[in-house]
Structures are given as C-alpha cells and as structure tokens.
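Fair warning: this is a prediction, and the values are worked out from it, not measured in the lab. The residues of the chain are indexed from 1 along the displayed sequence.
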Amino acid sequence: PAFTTPGSDAAALKRIFALALDEIRRLEGLMTTWRPDSDVSRVNDALLKDIEERKEAERERDQLGLQLLQSQKLQAIGQLSAGIAHEINNPVGYILSNLCTMGEYFAHLRKRVRISRDLEQRLTTGAEPAVALKQAEWLDREMNLDFLLEDFGKAIEESSEGAERIREIVRSLREFS
C-alpha cells in the first residue's frame, strides 16, 4: 500500500544504494591514501622548523642590532674623546710655550741678579763698581728688561688661564659622568 508502483520504487532504492556504496568506496579510497598521522606529523615538523628558523633569524637580527649599537656608542666615545683632547690640547700648548719662554726669562733674570749682587758687594767693600755697573747696563739693554718683566707677567697670567680652562673641562667631565 505504501508503494504505488512496486517496480519503480525498488529500482530507485537500488540506484540510491548503489550510489551510496560508490560514495563509501570512494571515501575508503581516500582514507587509504591519506594517512592522518603521517601528514599531520610532516606538516607539524615543517611548522616547527619554520618557527625555529624565524627565532634564529630574530636572534641574529637582535645580535646585529646590539653590535651596531655598541659600534655607534664606541664611535660617539671616540668623537667625544677627540673633542676633549682638542679642548685640552690648546691650553696645554700655550702653557708649555709659556713655560719655555719663562725658562729663558728666568735664565736672564738669574744673570741680572748675579751682576746686581756683584755690584752690591763691590759697593760694600769699596771696590770699583764701574765694571759691574757696565755689565748690568749692558745686560738690561741686551735682554730688554722692561719687556721681559712685562711679558713674564703675561705668560704667568696666560698659563694660569690655561690651567683654569683645563680644570673647567675636567670638572665638566666629572659632572657629565
């Protein structure tokens, strides 16, 4: 009673079962060619390898960044050191030059003091002071005593300024560090 045409329903059912059986066989074929454990494992291994390679690349990049930063710091320190050396070298240069000049002036003044003492001794002993007086006059003209005394004072003043400049630089460096 449920089937109006018994032959046609049975044929349709046969076709449905045949299609279903074909689909089951097709799926079974797929299942035999796809091995889930093997494929997932290969994909997983590939992903892990890729992750490790990326981590290594990041470590290398970070290391290169640190090296670059260190290099830049050293370059900055080198430039700073060169600048400091230049700033200190100028006052040291004229201090040394002034010391050399003051050494020459001191040698002239020592001669003048000796002649003056000789003159003083001649005057106190009653000896003829003319020779010592002529030597003193000649030496005063030869070394230009007035200029020497004036320049000696300037050299001392400039050297003090240079030493003070160096002290300021050192103080600034201490404060900076």
Side-chain angles (χ1 to χ4, degrees), residues 9-113 143-177:
D9 286 338
L13 280 175
K14 258 185 168 179
R15 278 193 314 271
I16 290 173
F17 282 128
L19 288 173
L21 189 57
D22 287 343
E23 185 62 20
I24 289 171
R25 285 183 186 141
R26 188 184 68 80
L27 290 174
E28 283 176 341
L30 286 176
M31 293 298 286
T32 58
T33 58
W34 182 64
R35 295 181 303 245
D37 291 342
S38 172
D39 289 343
V40 169
S41 179
R42 259 195 328 263
V43 169
N44 192 30
D45 288 345
L47 287 173
L48 288 175
K49 183 179 177 186
D50 185 53
I51 290 170
E52 284 303 314
E53 288 173 353
R54 287 175 187 236
K55 284 182 179 180
E56 180 62 26
E58 286 177 17
R59 282 191 292 270
E60 288 176 8
R61 185 194 68 219
D62 291 346
Q63 185 65 30
L64 287 174
L66 289 174
Q67 288 174 350
L68 177 62
L69 182 62
Q70 185 71 15
S71 174
Q72 289 171 339
K73 285 180 181 180
L74 288 174
Q75 181 182 10
I77 289 171
Q79 289 173 344
L80 179 63
S81 298
I84 292 168
H86 177 74
E87 286 299 315
I88 290 174
N89 191 47
N90 284 339
V92 165
Y94 63 81
I95 288 171
L96 291 174
S97 175
N98 285 341
L99 284 173
C100 182
T101 300
M102 288 187 287
E104 292 172 12
Y105 290 170
F106 182 75
H108 290 306
L109 291 173
R110 182 182 293 155
K111 287 180 189 176
R112 181 61 170 94
V113 168
M143 65 180 177
N144 196 354
L145 185 61
D146 291 334
F147 170 78
L148 183 144
L149 292 173
E150 182 181 331
D151 197 48
F152 201 110
K154 288 179 183 177
I156 290 172
E157 185 179 314
E158 286 177 1
S159 297
S160 294
E161 289 172 5
E164 188 59 38
R165 177 68 184 128
I166 293 170
R167 181 187 299 171
E168 289 173 20
I169 291 169
V170 170
R171 185 180 309 132
S172 295
L173 287 173
R174 283 187 189 144
E175 291 172 3
F176 177 73
S177 66

Requested in this report: Check salt bridge (charged side-chain N to carboxylate O under 4.0 Å, His left out) between Glu58 and all other residues, then give those that pass, not counting sequence neighbours.
Outcome: none
Query raised in the report: Checking Ser160 side chain against Ile156 main chain: does a donor-acceptor pair fall under 3.5 Å?
Result: yes
Inter-residue atom distance [X].[atom1] - [Y].[atom2], 0.5 Å rounding:
{"X": "Phe152", "Y": "Leu145", "atom1": "CZ", "atom2": "CG", "result": "12.0 Å"}
{"X": "Glu104", "Y": "Leu148", "atom1": "CD", "atom2": "CG", "result": "10.0 Å"}
{"X": "Lys111", "Y": "Leu109", "atom1": "NZ", "atom2": "CG", "result": "11.0 Å"}
{"X": "Leu68", "Y": "Gln63", "atom1": "CG", "atom2": "CD", "result": "12.0 Å"}
{"X": "Ile95", "Y": "Glu161", "atom1": "CD1", "atom2": "CD", "result": "10.0 Å"}
{"X": "Glu53", "Y": "Leu48", "atom1": "CD", "atom2": "CG", "result": "11.0 Å"}

**Report entry** Where at least one partner belongs to residues 67-94, residue pairs that pass side-chain hydrogen bond (donor to acceptor under 3.5 Å, both in side chains), sequence neighbours excluded
**Finding:** Glu87-Arg165
Can you tell if the side chain of [X] reaches within under 4.5 Å of the side chain of [Y], non-hydrogen atoms only?
{"X": "Asp22", "Y": "Phe17", "value": "no"}
{"X": "Glu150", "Y": "Lys154", "value": "yes"}
{"X": "Ile169", "Y": "Leu173", "value": "yes"}
{"X": "Phe147", "Y": "Tyr105", "value": "yes"}
{"X": "Glu164", "Y": "Pro91", "value": "no"}

**Report entry** Stepwise salt bridge (Lys or Arg N to Asp or Glu O under 4.0 Å) test for Arg54 and Asp50
**Finding:** CA-CA 6 Å; Arg54 287 175 187 236; Asp50 185 53; 3.1 Å; yes
Query - Check against side chain to side chain contact (heavy atoms under 4.5 Å, CB included), Thr101 and Phe106 - result: CA-CA 9 Å; Thr101 300; Phe106 182 75; over 6 Å; no
Query raised in the report: Is a salt bridge present between Glu168 and Arg171, judged by a nitrogen-to-oxygen distance below 4.0 Å?
Result: no
